[in-house]
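The next block holds one structure in the form of structure tokens; read it before the comments.
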Amino acid sequence: MNIFADFKSRIDGVVNALAAEGALPAGLDLTRVAAEPPREAGHGDITTNAAMVLAKPAGKNPKELAAVIAERLKALPDVTGAEVAGPGFINLKINDEIWRGALRDVLAIGPAYGDGKIGGGEIVNVEYVSANPTGPMHVGHARGAVVGDALARLLAKAGFAVTKEYYINDAGGQVDHVARALHARYLQVLGKLSEEDVQGKLARKEIMYGGAYLMPVAEKLAGRDGDKWAKVEDEKTWIPPLRDFTVAYMMEAVKEDLAALGVQHDIFSSEKALVDAGKVDAALQYLADQGLTYTGVLEPPKGKTPDDWEPRPQLLFKATQFGDEVDRPVKKSDGSWTYFAGDIAYHKDKVDRGFYNLINVWGADHGGYVKRVQAALKALTVGKGKLDVQLAQMVRVLNNGEPVKMSKRAGTFVTLRDLIDEVGKDVVRFIMLTRKNDAPLDFDYAKVMEKSRENPVFYVQYAHARGRSVFRHAAEMFPGADLTDKGLGKADLSLLKDSDEVGVLRMIANWPRTIESAAVAHEPHRIAFYMYDLASAFHGLWNKGNDAAELRFLQAADQNVSLARLALVRGVGLVIASGLAVFGVEPVEEMR
RNA sequence: GACCCCGUAGCUCAGCUGGAUAGAGCACUCGCCUUCUAAGCGAGAUGUCGCAGGUUCGACUCCUGCCGGGGUCGCCA
């Protein structure tokens, strides 16, 4: 249960009662009324801005209104005090039993604690990764993969029905380029080209992809088809089969990488399949029928005109009608559809499959593309569809503060697999979520493995491991005691009297609220900061026990106090496990 | 030139979608770490929230205009 949401509705109830009595006008808008933990401890347990928000529409002085509302709130069960403070805040003190109730909830439901209903079962589609099937996944992809995956898990926890989707860009020019590059490598495998020949082709830009990663693909192709494609001159003949071969190979590699990262999609959608099924034609025909496309000439972009710019009439989508800056081309000069046209069809396809709440996770370099797709979605759904695009910023790879030099041409970029092999998937996942996704992130090989407070992965995992360690000791100290979650649920929690213990209780009670706000904001990184804070508070309790023996979790002479504290320790562990589950990270039993 | 993101302590970043005296880690200063659950602990100091206006009872948060950094800008995806 979300205690703050509960109190928000109780406060709403008080206001409605006052309105019914005529003390306040009827029909006040309560959406801005909030019940929150105060920023400052010492301002009570729960604070509400009700009086300040309602003062104006009610035509009342905020402080006087606050006094009236506070008087009513005082009379509520569980409320032990209500004071007006500052410009009109009402600070509530509530029975500690409420906080203890949160801990009992955790013990009763385990890591599912914090699962919310705000999603209301609404269907959401989260599209992420969608890396081109032209090469192995690198660090940049990893961030989008992790952010998308965590966001999907977060939304699911908050009560949304989430579908995780991957869009395969297996149509268009890029995959043809890879096919050509593969052909060159294939000829090299057959001994018909030397490495120098291939590099020459690269230099002359006859092929666009030079990476040696294509060698095993070429070998596999030669193994299957022999020299079949070496004899065929016309590339029109060999491009399709070689393209399909590469795409299949790369997608297999991508799926392996994703599996190693613990990322699993529900659906893989193919651009080529959309094209082949005529869905691009159909989508653009749909827009044409609405009168939303026309043939026109675009102005060259000011300030930076491409060298080869020449005004040319082309088929445009009226994106400006839906909030974009300029109308956007949907056809290339050779008459084929642009990538955008395919994307229009793809988003129409999502809508046709029943998704109106869409989230896309893209690399920041696609930022300029957001408005036009949102415009397209508006056009396709008559404004009913929502598309939020989360842009994942650059990841800078460092080793002890030193930037790791990367070059795609030289093939020395850091692959996702390198990263996982080096530090493990859980560390990769956690670190990728320690910044909001629209801020650049430094990933330091050395620092993420450090065992110190500076390293959030370690610090959070260490808190969990310490909790488990306490239980191993407890089992020895109290051999007959019931240390299961159920057993601990019966402990006398009123024995948790220390202010820091109560502080941890409050943080636990804040978990459902944290999930809700992070889910609504589409910001999984907030979970990382919550977990760090909770871990920090837990380590604080532990340290206090070092100084004052009577504050240790385990008191050999007092089993009841020990059980109450074990309940708290377990609660912290379960909430951390619950948060790590959102991140797709395994909690550890002990540090090694 | 336009659009998007960013600008908060010396450094790296939070700031709960408008709330009260803006927070954490690192670095810095001081004290502690023979016992204890110490891959350390405690205490202290640190700010024109890029600048200037505006909206509001109230602005780091919203709006406008500048300044600085990054990204993108018809026929790549």
Side-chain angles (χ1 to χ4, degrees), chain A residues 32 34 36-40 43 47 49 52-53 55-56 61-63 85-89 91 130-132 134 167 169 171-175 177 208 271 297-306 308-312 314 316 324-336 338-340 342-343 363-371 389 391 393-394 434-436 438-442 447 450-456 458-459 462 466 469-470 473 510 513-514 516-518 520-521 523 525-526 528-530 532-533 536 539-549 552-554 591:
Chain A
R32 287 181 59 218
E36 302 174 304
R39 307 225 162 178
E40 200 101 4
H43 284 153
T47 188
N49 59 355
M52 291 182 292
V53 172
K56 197 164 207 177
N61 171 299
K63 285 194 166 184
F89 290 100
N91 293 328
S130 300
N132 289 345
T134 54
Y167 183 47
N169 298 132
Q174 291 302 315
V175 279
H177 282 310
M208 309 299 283
E271 182 186 3
V297 181
L298 284 180
E299 295 285 315
K302 286 179 183 161
K304 194 194 170 188
T305 309
D308 56 349
W309 178 274
E310 48 186 271
R312 192 184 58 246
Q314 53 193 337
L316 302 170
D324 202 356
E325 273 79 43
V326 290
D327 292 336
R328 303 293 183 175
V330 291
K331 254 190 188 177
K332 303 182 198 171
S333 56
D334 66 0
S336 63
T338 59
Y339 178 76
F340 178 46
D343 230 6
D365 53 340
H366 291 59
Y369 200 71
V370 174
K371 281 191 180 179
V389 179
L391 298 176
Q393 267 290 354
M394 301 284 295
T434 53
R435 291 282 176 268
K436 50 185 171 203
D438 51 10
L441 171 86
D442 284 352
K447 287 198 172 152
E450 234 167 55
K451 294 175 173 174
S452 76
R453 184 167 192 163
E454 292 172 66
N455 179 359
F458 165 78
Y459 205 57
Y462 187 32
R466 268 184 159 174
S469 152
V470 172
H473 287 294
N510 230 329
R513 194 175 162 272
T514 304
E516 284 184 11
S517 60
V520 169
E523 291 185 350
H525 77 276
R526 291 189 195 183
F529 286 91
Y530 172 89
Y532 185 85
D533 288 344
S536 181
H539 289 307
L541 282 186
W542 183 291
N543 293 331
K544 252 178 124 170
N546 287 335
D547 292 338
R552 294 190 189 180
F553 300 129
L554 300 179
M591 304 308 292

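Order of the sequence lines sets the chain letters (A, B, ...), proteins ahead of strands, with each chain counted from 1.
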Side-chain contact test, heavy atoms from C-beta onward, threshold under 4.5 Å: evaluate it for A:R513 versus A:E516 and give yes or no. no
Looking at every strand, decide which applies to A:Y369 at a 4.0 Å heavy-atom threshold: base, sugar-phosphate, or nothing. base
Do the rings of A:F553 and A:W542 sit parallel, tilted or perpendicular, given the 30° and 60° boundaries? perpendicular
Select base, sugar-phosphate, or nothing to describe what A:D438 touches, counting heavy atoms under 4.0 Å on all strands. sugar-phosphate
Pairwise P distance, B:U46 and B:A2 [rounded to whole Å]: 42 Å
Would you mind classifying the nucleic acid contact of A:F458 as base, sugar-phosphate or nothing, using non-hydrogen atoms under 4.0 angstrom? nothing
Taking the six-membered ring for Trp, are A:Y369 and A:F340 parallel (under 30°), tilted (30 to 60°) or perpendicular (over 60°)? perpendicular
Does A:A364 reach a base, just sugar-phosphate, or nothing at all? Heavy atoms under 4.0 Å. sugar-phosphate
Within the structure shown, what part of the strands sits under 4.0 Å from A:G173 by heavy-atom distance: base, sugar-phosphate, or nothing? sugar-phosphate
Have a look at A:D327 and say if it touches a base, only the backbone sugar-phosphate, or nothing, with a 4.0 Å heavy-atom cut-off. nothing
Scan A:M591 against the nucleic acid and name what it touches under 4.0 Å (heavy atoms): base, sugar-phosphate only, or nothing. base
Using a 4.0 Å heavy-atom cut-off, does A:K331 contact any base of the nucleic acid, only the sugar-phosphate backbone, or nothing at all? nothing
Mind checking the CD-NZ spacing from A:E325 to A:K371? Nearest 0.5 Å is all I need. 3.5 Å
When you compare B:G15 with B:G47, how far apart are their C1' atoms, in angstrom units rounded to a whole number? 15 Å
pair A:K436-A:H525: side-chain heavy atoms closer than 4.5 Å: yes
If we take the P atom in both B:A27 and B:G68, what is their distance in whole Å? 35 Å
Exam field: side chain A:N543 to backbone A:H539, donor-acceptor pair closer than 3.5 Å: yes
Report the secondary structure of RNA chain B in dot-bracket form, marking unpaired bases with a dot and bases paired to a different strand with |, and treating Watson-Crick or G-U pairs with both distances under 3.5 Å as paired. (((((((..((((.....[...)))).(((((.......))))).....(((((..]....))))))))))))....
Quick one: does any side-chain atom of A:N169 pair with a main-chain N or O of A:N132 as donor and acceptor, under 3.5 Å? no
Base, sugar-phosphate, or nothing for A:Y530, non-hydrogen atoms under 4.0 angstrom? nothing
Base, sugar-phosphate alone, or nothing: which one does A:S469 contact when heavy atoms must sit under 4.0 Å apart? nothing
Can you tell me how far P in B:C51 sits from the matching atom in B:A22, rounded to whole Å? 16 Å
With P as the reference atom in both, quote the distance from B:G23 to B:U48 in angstrom, rounded to an integer. 15 Å
Where does the angle between the aromatic ring planes of A:Y462 and A:F458 fall among parallel (under 30°), tilted (30 to 60°) and perpendicular (over 60°)? parallel
In whole Å, measure the gap between the C1' atoms of B:A39 and B:U21 for me. 37 Å
How far, in whole Å, is B:U17 from B:C60 if one measures between their P atoms? 16 Å
Can you find a heavy atom in the side chain of A:E523 that is under 4.5 Å from one in the side chain of A:S517? no
Which sits closer to the 5' end of RNA chain B, A:K56 or A:P329, going by the nucleotide each is nearest to? A:K56
Min and max contacting nt of RNA chain B in 5' to 3' order, chain A heavy atoms within under 4.0 angstrom, are B:G1 to B:A77
For A:Y339, answer base if it contacts any base atom (sugar-phosphate contacts may also be present), sugar-phosphate if it contacts only those atoms, and nothing otherwise; contact means non-hydrogen atoms under 4.0 Å. base
Closest-nucleotide ordering on RNA chain B, the 5'-leading residue of A:E523 and A:G86: A:E523
Over all strands shown, is A:R435 touching base, sugar-phosphate only, or nothing at heavy-atom distances under 4.0 angstrom? sugar-phosphate
What is the nucleic acid contact for A:E450, judged by heavy atoms within less than 4.0 Å: base, sugar-phosphate only, or nothing? nothing
Once you apply a heavy-atom cut-off of 4.0 Å, does A:H177 come out as touching a base, just sugar-phosphate, or nothing? nothing
So with a 6.0 Å cut-off around NZ of A:K332, is the heavy-atom count from everything else above 12? yes
C1'-based separation of B:G71 from B:U61 [nearest Å]: 24 Å
Any non-hydrogen side-chain atom of A:L441 less than 4.5 Å from a side-chain atom of A:T434? yes
